[in-house]
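Below you'll find the structure, written out as structure tokens, and then a few comments.
The first residue of the sequence shown is numbered 1, and numbering continues consecutively from there.
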Amino acid sequence: MERIKRIPLFIVAAILVGLKTYVIYRFYFNLSIESTFQEIILFINAFAFSFFIFSIGVWMNPKRQRKYILIMSTLMTFILIANLMYYRNFTDFITLPTLMQVNNAGDLGTSVTSLVYFLDIFLLLDFILIFVFARKKIFPITQFSKLFKRRTITVALAFLVLNLTLAEIERPMLFKRGFDREYLVKNVGIFTFHGYDAFVTASTQSKRIFADGSEFNEIEEYVSERVDKEKDVNKDIDLTGMAEDKNIVYIAVESLQDFVIDQEVNGDEITPYLNDLIDESYYFDNFYHQTALGKTSDHELLLDTSLYPLPNSAAFFTHAQNEYFALPEIIKEEKGYQSYAFHANNASFWNRNVMYETLGYEEYYDVQSYDFTKDDVIGWGMNDKMFFDQTVDLLKEQEDPYYAKLITLTNHFPFDIPEDERSLEPYESESETLSQYFQTVRYTDEAIEQFMNKMKQEGLYEDTIFIIGGDHYGVPSYHNDALGEFLNKDMTAYEDALLQQVPMIIHIPGHDDHQTISTLTGQVDYKPTVLNMLGIELERDIRFGSNMFDAPKERKDFIAFRDGRVVGTDYVSAGGACFEHSSGDIVDDQHCAPIREKAEQELNYSDEIIYGDLLRFYDFESGEIADQE
């Protein structure tokens, strides 16, 4: 015992914080560990950074050393717990740009408390022990010799180098895969990841300053070739010009995943109205959300611009002043459409009051445009039924033709809904999130039905084309065990990738044809699809999507995600493995290499456009890059 008490406090603190870090990695985060080698790396990286940070204290005098140890243990605990809360909601890790979005935090409300579990209290145990040890001087804090200092820092640096070397062996070119944050955390740790993220953020912020338009040549050539190829492609269903002079209403259904369609809870349909509407509509049952950290705002970026979201931030925040050739701007210039956005939330949430103007929306009807009290609030804000009811009244005021985007709120994590508003029998599950999800999905389904009925009553239905889509996933992968039990599936990385499907329904009143379309499609395809339905054929456009009604053989054979996953027509790359799409069996990775390379190329091109604000150099009429003197 006496020998143990002679261990310096900085080493004790490093061990305690390192142990907590490993416990969080292994038992709190839902990280996929595929080999013993990965397990070893995970263990090493948990302690490597911790020892390095606390070893810096040996260069300080005892008084400052004590203060430094307490500050570092506090800071590292905060970073770990903050990432855990974020991970439980988004199955992802915090990046520096997301910290710039603090004005969104005020709207989390009950979300935060739902992310805290009882066992989390044990994550403060090491923090408390370090404070007690420091206060009672149980472990020594002393002035160390120069030799001890040099040896300590040498060992700490060697520990870090060992971690990085093993990580590079396990995952070559690891830091070139910054889009895959899970791999970075598994291999180099959460703290090193944050350091890398800060470096990437600083470097990307400088790209606009040094961009001169020359970067655009290769991108323009790539997009131009693909767009030219698609001008005369075969279409399984030709809706060219179908929407011309009609109003278009797009309903973004918060957190609606496709797995609830045609599913039942206790013998009762979860989405009875949408199920019936699908029978009278075009329904894309192989349609994927492609959002990243920006969630709903990313989905809006994808739909309006046909560009991809950024890998470590929300473009609505960081690049709201960019030049975009967006859907609202195009349909106004080409067909005289005015575009409106309706969302009963704060105007500044996701910086929409700025970004909507950039994208070309004529007006944004935010929370100030709606009349409701606290009793009318469900979850994050005004309930969907009141929202739709009052939005119809606002739509009546608009001059035809118009494009309207309606964003719902009720079906938002943590899916709280009063007992008297529930119309499904409770689903019993170990995951409260999943159990509550079905209730709010049903409520929004009922709200959409009321909206459609009121549109008919007000005479707005026949001359409107309705598009209904899920914006992003609702149930995080953190709850896959419960979800797998509900779906009666083994939740592999393959199944989790397929769960990123969201509904996409195009309902055309009076149109005879209606069918389910299983073409591989995603949110990046929305803009060209709507333009085609309006009869708008652009000679030049910079986009990465294509018309969803094109024949499958004429379309790209992959859907790209920002987290490194790629879903292809034949193969799926996910969780570090390659799966055959038809069976879900793991196959040789060489089958997935082609779609991964193509996906990475498109994502990189899109990033260059946004980071460098390259569209400011491009003349969409001539197709030439402006000369920047």
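Between the Y611 side chain and the S606 main chain, no donor and acceptor come within less than 3.5 Å of each other. Judged by distance alone, with hydrogens and angles left aside, the side-chain atoms of E602 form no donor-acceptor pair with the main-chain N or O of K598 at under 3.5 Å. Using modelled atom types, no side-chain atom of Q439 and backbone atom of I417 make a donor-acceptor pair closer than 3.5 Å. For the pair D304 (side chain) and L301 (backbone), a donor-acceptor distance under 3.5 Å is absent. Judged by distance alone, with hydrogens and angles left aside, the side-chain atoms of S297 form a donor-acceptor pair with the main-chain N or O of G294 at under 3.5 Å. Formation of a donor-acceptor pair under 3.5 Å by the D276 side chain with backbone atoms of Y273 is not found in this model. With hydrogens and angles disregarded, no donor-acceptor distance shorter than 3.5 Å links the side chain of K527 to the backbone of V524.
Listed by chain and number, the residues in a ring pair (Phe, Tyr, Trp, His ring centres under 6.0 Å) with Y526 are Y250 (sequence neighbours excluded). With sequence neighbours left out, the side chain to side chain donor-acceptor pair (under 3.5 Å) criterion links Y282 to H511, D513. Every ring pair (Phe, Tyr, Trp, His ring centres under 6.0 Å) that H289 has, sequence neighbours left out, goes to Y473. Applying the side chain to side chain donor-acceptor pair (under 3.5 Å) test to T271 and every residue at least two apart in sequence or in another chain returns N275. Taking the side-chain contact (heavy atoms from CB on, under 4.5 Å) definition, one finds that A243 meets it with I248, I465, M533, L534, sequence neighbours left out. With sequence neighbours excluded, the residues satisfying ring pair (Phe, Tyr, Trp, His ring centres under 6.0 Å) with F216 are Y618. Judged as a ring pair (Phe, Tyr, Trp, His ring centres under 6.0 Å), and not counting sequence neighbours, the contacts of F387 are Y370. Residues passing the side chain to side chain donor-acceptor pair (under 3.5 Å) test with S518 are D285, sequence neighbours excluded. Y443 meets the side chain to side chain donor-acceptor pair (under 3.5 Å) test with N383; sequence neighbours excluded.
Taking 4.0 Å as the cut-off between side-chain N and carboxylate O, D613 and R616 count as a salt-bridged pair. Looking at R543 and D525, no side-chain N of the basic residue comes within less than 4.0 Å of a carboxylate O on the acidic one, giving no salt bridge. Salt-bridge check for D245 with K335: failed, with every basic side-chain N at 4.0 Å or more from each acidic carboxylate O.
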Side-chain donor-acceptor pairs under 3.5 Å in residues 321-329, sequence neighbours left out?
from	atom 1	to	atom 2	distance (Å)
N322	ND2	I610	O	2.8
Y324	OH	H319	O	2.9

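Closest approach of L310 and T318 over heavy atoms only: CD1-OG1, 3.7 Å. Here the closest non-hydrogen pair linking V392 and M455 is CG2-SD, 4.0 Å. The two residues M355 and A320 make their nearest non-hydrogen contact at SD-CA, 3.6 Å.
The closest side-chain donor-acceptor pair between D389 and Q450, if any, does not fall under 3.5 angstrom. No side-chain donor-acceptor contact under 3.5 Å links H472 and D298. Neither side chain, N353 nor S348, offers a donor N or O lying under 3.5 Å from an acceptor on the other. In this structure, a donor-acceptor pair under 3.5 Å is absent between the side chains of N604 and Y308.
For the pairing with I517, the side-chain contact (heavy atoms from CB on, under 4.5 Å) check across Y283, F287, F284 returns one residue only, F284.
Aromatic rings from Y340 and Y403 are positioned such that their centres are separated by 6.0 Å or more.
Evaluation of the salt bridge (Lys or Arg N to Asp or Glu O under 4.0 Å) test over residues 337-352, restricted to residues two or more places apart or in two chains, returns E300-R352. Applying the salt bridge (Lys or Arg N to Asp or Glu O under 4.0 Å) test to every pair with at least one member in residues 362-375, sequence neighbours left out, gives these pairs: K332-E362.
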Practice problem: Applying salt bridge (Lys or Arg N to Asp or Glu O under 4.0 Å), run through R562 and D607 and close with a yes or a no. | Solution: CA-CA 11 Å; R562 285 272 43 157; D607 288 348; 2.7 Å; yes
- Do N411 and S255 pass the side-chain hydrogen bond (donor to acceptor under 3.5 Å, both in side chains) test, and can you show the C-alpha distance, the side-chain angles, and the key distance before you say yes or no? CA-CA 6 Å; N411 191 45; S255 303; 5.0 Å; no
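In this structure, the side chains of Y361 and Q338 stay at 4.5 Å or more apart for every pair of heavy atoms.
The neighbour count for D463 CG, taken as heavy atoms of other residues, nucleotides or ligands under 6.0 Å away, does not exceed 12. With a 6.0 Å radius and a threshold of 12 heavy atoms from other residues, nucleotides or ligands, E357 has its CD atom at or below the threshold. More than 12 heavy-atom neighbours from other residues, nucleotides or ligands sit within 6.0 angstrom of CD on E244. E462 CD: more than 12 foreign heavy atoms inside a 6.0 Å radius.
By the 30° and 60° cut-offs, the orientation of the rings of F388 relative to F451 is tilted.
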